[in-house]
Amino acid sequence: QLQASGGGLVQAGGSLRLSCAASGRTFSKYVMGWFRRAPGKESEFVAAIIWSGGSTYYADSVKGRFTISRDNAKNTVYLQMNSLKPEDTAVYYCAAHGTPMSTSPTDFASWGQGTQVTVSS
């Protein structure tokens, strides 16, 4: 089970940190991903981390602004979002699937509920 939190309303240029708490299983052999869906658009890959080893991957649109990380002790994955832009406005979802690495939402079997991120200009 995945539980996402941390969304909110922020001005352009601001920051937010999203959390995804994992429970019910060990995710040490999983890829954890963040996706987002803006109104009228399809789901978009944002970032992913391979839980064991910590390799990270980012969409070009967020590279250099967002950072994905994980806390093994808390079984939680984070998405630190800095320099937010209005185009980052979306519902953000965390998801998990077994390796290998993938950026396609259709490969991710476990999903948390979304958390709304709204960036005002």
Side-chain angles (χ1 to χ4, degrees):
Q1 185 176 1
L2 303 175
Q3 182 76 28
S5 62
L9 173 64
V10 64
Q11 289 187 332
S15 298
L16 283 174
R17 189 178 78 160
L18 305 184
S19 299
C20 177
S23 62
R25 71 175 72 177
T26 299
F27 286 87
S28 61
K29 296 184 179 180
Y30 278 70
V31 175
M32 304 297 294
W34 286 97
F35 295 83
R36 65 187 182 188
R37 180 177 292 174
K41 295 186 178 181
E42 295 185 352
S43 291
E44 176 189 15
F45 168 76
V46 175
I49 185 167
I50 298 178
W51 197 288
S52 62
S55 296
T56 58
Y57 303 83
Y58 297 95
D60 288 342
S61 59
V62 307
K63 202 170 294 183
R65 300 188 297 122
F66 291 10
T67 302
I68 188 171
S69 62
R70 86 261 192 249
D71 184 324
N72 291 336
K74 296 183 178 180
N75 221 27
T76 298
V77 174
Y78 302 100
L79 184 68
Q80 178 66 43
M81 305 186 296
N82 298 329
S83 302
L84 282 162
K85 304 175 181 180
E87 51 263 45
D88 294 318
T89 295
V91 178
Y92 284 70
Y93 299 86
C94 62
H97 93 103
T99 53
M101 176 60 201
S102 173
T103 62
S104 173
T106 57
D107 287 334
F108 285 74
S110 300
W111 290 82
Q113 89 293 357
T115 184
Q116 176 70 48
V117 172
T118 303
V119 184
S120 63
S121 57

Notebook entry, point to check: Is any side-chain heavy atom of Val77 closer than 4.5 Å to a side-chain heavy atom of Trp51?
Noted result: yes
Next item on the list: Test Gln116 against Thr89 for side chain to side chain contact (heavy atoms under 4.5 Å, CB included), laying out the working first.
Entry: CA-CA 8 Å; Gln116 176 70 48; Thr89 295; 4.1 Å; yes
Next item on the list: Establish, yes or no, whether a centroid distance under 6.0 Å links the rings of Tyr57 and Phe45.
Entry: no
Next item on the list: Please report the closest heavy-atom contact between Ile68 and Tyr58, naming both atoms and the distance.
Entry: N-OH, 2.9 Å
Notebook entry, point to check: How long is the gap from CD on Glu44 to CZ on Arg36, to the nearest 0.5 Å?
Noted result: 4.0 Å
Next item on the list: Identify the two heavy atoms, one from Ala4 and one from Cys94, that lie closest to each other, and give their separation to 0.1 Å.
Entry: CB-SG, 4.0 Å
Note to self: Once you measure the plane-to-plane angle for Trp111 and Tyr93, does it fall in the parallel (<30°), tilted (30-60°) or perpendicular (>60°) bin?
What the structure shows: perpendicular
Item checked: Hydrophobic cluster membership, Val91 vs Leu9, 4.5 Å side-chain cutoff -> no
Notebook entry, point to check: Atom CZ in Phe66, atom OG1 in Thr56: separation rounded to 0.5 Å?
Noted result: 14.0 Å
Margin query: Is there a path of hydrophobic side-chain contacts, each under 4.5 Å between heavy atoms of I/L/V/M/F/W/Y residues, joining Trp34 to Val117?
Written below: yes
Check: Can you tell me if Ser5 and Gln3 form a side-chain donor-acceptor pair at under 3.5 Å?
Finding: no
Next item on the list: Can you see which heavy atom on Tyr30 is nearest to which on Ala96, and at what distance?
Entry: CD2-CB, 4.0 Å
Next item on the list: Report yes if some heavy atom in the side chain of Pro105 is under 4.5 Å from a heavy atom in the side chain of Arg37; otherwise report no.
Entry: no
Check: Nearest heavy-atom pair of Ile50 and Arg70: which atoms, and what distance?
Finding: O-NE, 4.4 Å
Item checked: Residue from Leu2, Leu79, Thr76 passing side chain to side chain contact (heavy atoms under 4.5 Å, CB included) with Met32 -> Leu2
Note to self: If I take atom OG from residue Ser121 and atom CD from residue Gln11, how far apart are they, to the nearest 0.5 angstrom?
What the structure shows: 9.5 Å
Next item on the list: Flag the pair Lys63 and Asp60 as a salt bridge only when some basic side-chain nitrogen lies within less than 4.0 angstrom of an acidic carboxylate oxygen.
Entry: yes
Margin query: Do Asp88 and Arg65 have side chains that approach each other closer than 4.5 Å (heavy atoms only, starting at C-beta)?
Written below: yes
Next item on the list: State yes or no: do Val62 and Ile49 share one hydrophobic cluster built from I, L, V, M, F, W and Y residues joined by side-chain heavy-atom distances below 4.5 Å, directly or via other members?
Entry: yes
Next item on the list: Classify the side-chain pair Ser104/Ser102 by whether it contains a donor and acceptor separated by less than 3.5 Å.
Entry: no
Margin query: Please tell me whether Val10 and Val46 are part of a single hydrophobic cluster in this structure, the criterion being side-chain heavy atoms less than 4.5 Å apart.
Written below: yes
Item checked: Residue pair Lys74 / Ser19, side-chain heavy-atom distance below 4.5 Å -> no
Next item on the list: Might you point out which heavy atoms bring Asn82 and Ser15 nearest each other, and give the distance in Å?
Entry: OD1-OG, 2.9 Å
Check: Any idea which heavy atoms bring Phe108 and Val31 closest together, and the distance?
Finding: CE2-O, 3.7 Å
